[in-house]
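Worksheet for the structure shown next.
Note that the numbering runs from 1 along the sequence shown for the chain.
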Amino acid sequence: MGRQQLSFEALQRRAAAGGRTAVRLAEELPAHFVVFDVLQARGEVLLKQPYAARRARLEELFTEYALTPPWLLCRATDDVRTAQEWLTPWTQQPGVGGLVIKGRAQHCPPGVRGCSSRWPWRTGRPSRSRKTD
């Protein structure tokens with residue numbers, strides 16, 4: 001079958017299904033939950049904490065609960081060169097649109113989108129970004 005293509009349409013179909021159809025689609029269209037941030041843990045709201053603290057908490061939760069696929073912890077780096085190396089293969093993967101960029105000191109106020117998103121031109125969406133701090 002070759003390289004598997006990621007499909008948002010298939011994910012939506014699976015999410016909307018119920019009963020036996022949901023079970024069948026879960027087997028036919030396996031999905032992973034990729035996590036890059038945590039905003040609440042054990043009833044504690046973390047929105048006012050900087051991203052670096054939230055990320056550390058997220059990594060602790062993955063370790064504490066020994067989470068394995070379908071739970072995936074998104075890779076993170078402060079190194080620009082490493083991020084550039086990661087960008088190329090991921091944006092060549094069908095169905096992956098771009099990056100989420102968060103400042104280490106960035107808080108997460110409710111109702112405010114404060115992260116930067118980047119999509120390469122070749123995906124059909126123009127590149128856009130917002131200030132992170």
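Residue R57 holds its CZ atom at 15.0 Å from OH of Y51, rounded to the nearest 0.5 Å. In this structure, OG on S7 lies 8.5 Å from CD on Q12, to the nearest 0.5 angstrom.
Ion pairing of D37 with K102 is present here, as a side-chain N (NZ or NE/NH1/NH2) and a carboxylate O approach within less than 4.0 Å. Salt-bridge check for E85 with R81: failed, with every basic side-chain N at 4.0 Å or more from each acidic carboxylate O. The pair E28-R14 fails the salt-bridge criterion, with no side-chain N (NZ, NE, NH1 or NH2) lying under 4.0 Å from an Asp/Glu carboxylate O.
Under a 3.5 Å cut-off, the side chain of T63 and the backbone N or O of E59 do form a donor-acceptor pair.
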*Residues V80, Q84; criterion side chain to side chain contact (heavy atoms under 4.5 Å, CB included); working and verdict*: CA-CA 6 Å; V80 173; Q84 289 170 335; 3.8 Å; yes
*So R42 and E64, salt bridge (Lys or Arg N to Asp or Glu O under 4.0 Å) or not? Walk me through it.*
CA-CA 13 Å; R42 295 194 178 106; E64 180 181 339; 2.2 Å; yes
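Clustering of Ile, Leu, Val, Met, Phe, Trp and Tyr side chains at separations under 4.5 Å places L46 together with F33, V35, V38, L58, L61, F62, Y65, L67, W71, L73.
Closest heavy-atom contact between L39 and C108: CD2-SG, 3.7 Å. Smallest separation of non-hydrogen atoms from L25 and A17: CD1-CB, 3.8 Å. Contact detail for Q49 and R54: the closest heavy-atom pair is O-NH1, 2.7 Å. The heavy-atom pair separating A31 from P70 by the smallest distance is O-CB, 3.4 Å.
Heavy-atom contacts from other residues, nucleotides or ligands closer than 6.0 Å to CD of E9 number 12 or fewer.
H107 has its side chain within reach of P50: a pair of non-hydrogen atoms, C-beta onward, lies under 4.5 Å apart.
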